[in-house]
Amino acid sequence: MNPRNMGEIPDADGIGEVGNPTCGDIMKISLKIEDERITDVKFQTLGCGAAIASSSMVTELVKGKTLEEAWKVSNKNVADALEGLPPVKMHCSLLAEEGVHKAINDYRIKHDLPPWEEKK
Ligand code: FES
């Protein structure tokens, strides 16, 4: 009901845009990174309430974390921090995890580092 960190970072160091083809929802995560640590993070989400809540929560969870720590934040962590999501809405929290991963890898690729791999 009270999303945090909405918007876009104009000079973002990493941007991740992800979507779910089934429901058509899209999410964009922008990261500001200093010394391998996330110093600022914002989201823009066009989607359902659970997707907006998940994006807001993931920004709160990764802010201040190192990239390695942020990579480990799972969609389950996001859903738990929201005190649960209905089973049909779990895929919405997955967008948040994927958006952060994509933004981190965008930063890594821009710095000639190999992208980290998604676990299967
Ligand atoms: Fe698609 Fe929630 S219904 S992200």
Side-chain angles (χ1 to χ4, degrees):
M1 294 303 286
N2 180 24
R4 327 267 160 89
N5 309 309
M6 253 188 307
E8 207 172 5
I9 302 175
D11 55 344
D13 298 303
I15 293 176
E17 208 172 315
V18 287
N20 181 309
T22 312
C23 63
D25 293 351
I26 48 177
M27 187 182 294
K28 183 173 172 185
I29 304 276
S30 350
L31 301 176
K32 194 79 203 142
I33 297 162
E34 279 165 42
D35 295 330
E36 297 291 296
R37 193 174 285 278
I38 297 170
T39 54
D40 198 12
V41 45
K42 292 204 185 297
F43 79 91
Q44 285 180 315
T45 294
L46 187 68
C48 71
I52 293 167
S54 296
S55 7
S56 170
M57 187 54 85
V58 87
T59 60
E60 290 284 295
L61 291 175
V62 301
K63 198 187 271 184
K65 284 197 164 59
T66 65
L67 295 183
E68 281 199 33
E69 290 165 344
W71 185 270
K72 291 185 193 133
V73 173
S74 68
N75 77 308
K76 169 111 183 20
N77 298 144
V78 173
D80 287 349
L82 290 169
E83 294 174 13
L85 282 173
V88 292
K89 288 284 168 185
M90 278 308 281
H91 77 273
C92 316
S93 63
L94 195 58
L95 275 185
E97 176 186 322
E98 289 170 354
V100 168
H101 284 182
K102 208 157 171 196
I104 290 175
N105 275 338
D106 179 49
Y107 166 84
R108 289 183 60 83
I109 290 163
K110 282 180 185 151
H111 288 78
D112 290 324
L113 297 165
W116 287 334
E117 278 186 39
E118 297 285 349
K119 58 177 187 295
K120 300 283 174 326

Short side-chain to backbone donor-acceptor contact, [X] and [Y], under 3.5 Å:
X      : Y      : value
Arg108 : Pro114 : yes
Arg37  : Gly64  : yes
Asn20  : Thr22  : yes

From [X] atom [atom1] to [Y] atom [atom2], the distance as rounded to the nearest 0.5 Å:
X     : Y     : atom1 : atom2 : answer
Met1  : Ile52 : CE    : CD1   : 11.0 Å
His91 : Cys48 : NE2   : SG    : 6.0 Å
Leu82 : Asn77 : CG    : CG    : 11.0 Å
Asp80 : Leu61 : CG    : CG    : 10.0 Å

Find out whether [X] and [Y] are in side-chain contact, i.e. whether some heavy atom of one side chain is under 4.5 Å from a heavy atom of the other.
X     : Y     : result
Glu17 : Gln44 : no
Glu8  : Lys42 : no
Thr45 : Asp25 : no
Ile33 : Leu67 : yes
Glu97 : Ser74 : yes
Lys28 : Phe43 : no
Ser93 : Lys76 : no
Asp11 : Lys32 : yes

State yes or no: do [X] and [Y] share one hydrophobic cluster built from I, L, V, M, F, W and Y residues joined by side-chain heavy-atom distances below 4.5 Å, directly or via other members?
X     : Y      : value
Val58 : Trp116 : yes
Val18 : Met6   : yes
Leu94 : Ile104 : no

[X] versus [Y], closest heavy-atom pair with distance:
X     : Y     : answer
Leu31 : Ile9  : C-CD1, 4.1 Å
Ala50 : Leu85 : CB-CD2, 4.1 Å
Ile38 : Ala70 : CD1-CB, 3.6 Å
Leu95 : Met27 : CB-CE, 3.5 Å
Ala81 : Met57 : O-CE, 3.3 Å
Asn5  : Thr59 : ND2-OG1, 2.8 Å

Open item on the list: Can you confirm whether more than 12 heavy atoms, excluding those of Glu68, are under 6.0 Å from its CD atom?
Closed with: no

TODO: Determine, for Lys102 against Asp106, whether the closest basic-nitrogen to carboxylate-oxygen distance falls under 4.0 angstrom.
DONE: no

- [ ] Could you label the plane-to-plane angle of the Trp71 and His101 rings as parallel, tilted or perpendicular, counting under 30° as parallel and over 60° as perpendicular?
- [x] parallel

